[in-house]
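Quick notes on the structure that follows.
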Amino acid sequence: MTDASNLAAALTIVVAGMSVVFAGLVLIWLAVSLFNLVALRRRTEATSEAQAAVVSAPSREIPRAHLLAIGAAVELYRRLHLEVPESSVTFERGDTRTGWKLGFRYGQRQRPQR
């Protein structure tokens, strides 16, 4: 085979490979577009059904005393029955042997006092 025939065969393979990849990308794009259209239609149908089911009642002003009583009841319930998560990181001296808790070894972590 000569250099010209090698070049022609190489270009044929390159064009065929690029066309296969491009066709695959176009098919993937079409599939994603169709799925998006189906999902959008279902979403609009569900939204229209939900809007049709909503019954609007006339709104009225809630007295401030009622809002304060509800807020106080919720806060009291939270303090009595819910444990507040410890979200702050503090440092103290400790003696642990894991690499994950290395800060305990050097006195850099502290636990909050309860």
Side-chain angles (χ1 to χ4, degrees):
M1 288 175 85
T2 63
D3 290 337
S5 63
N6 284 341
L7 183 61
L11 287 176
T12 305
I13 291 172
V14 166
V15 169
M18 290 177 70
S19 62
V20 167
V21 169
F22 184 73
L25 290 173
V26 168
L27 289 175
I28 291 171
W29 174 74
L30 285 174
V32 169
S33 297
L34 289 175
F35 283 131
N36 285 338
L37 286 175
V38 170
L40 183 63
R41 285 184 186 161
R42 287 185 181 176
R43 186 180 307 156
T44 55
E45 290 172 1
T47 304
S48 63
E49 290 174 3
Q51 287 177 351
V54 171
V55 177
S56 61
S59 62
R60 63 176 204 204
E61 186 70 25
I62 300 175
R64 185 172 175 85
H66 292 189
L67 293 175
L68 290 173
I70 291 169
V74 168
E75 181 65 21
L76 182 63
Y77 180 83
R78 186 190 65 80
R79 288 187 182 185
L80 289 176
H81 300 292
L82 300 176
E83 185 175 330
V84 179
E86 296 177 10
S87 61
S88 62
V89 176
T90 56
F91 299 96
E92 80 176 11
R93 192 165 204 62
D95 187 18
T96 59
R97 301 188 191 275
T98 65
W100 293 103
K101 299 179 182 177
L102 195 59
F104 286 117
R105 185 176 302 157
Y106 297 108
Q108 298 171 341
R109 286 188 172 237
Q110 296 176 356
R111 292 193 183 102
Q113 302 296 327
R114 288 193 179 220

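Quick note: numbers below take in every heavy atom, side chains included, and nothing from hydrogens, waters or symmetry partners.
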Reference residue Pro63; test side-chain contact (heavy atoms from CB on, under 4.5 Å); the match among His66, Glu61, Arg60: His66
Would you call Trp29 and Leu25 a side-chain contact if the rule is heavy atoms closer than 4.5 Å? no
Please determine whether the number of non-hydrogen atoms from other residues, nucleotides or ligands lying under 6.0 Å from atom CD1 of Ile62 exceeds 12. no
Taking Phe22 as the starting point, is it possible to reach Leu30 by hopping between hydrophobic residues whose side chains are less than 4.5 Å apart? yes
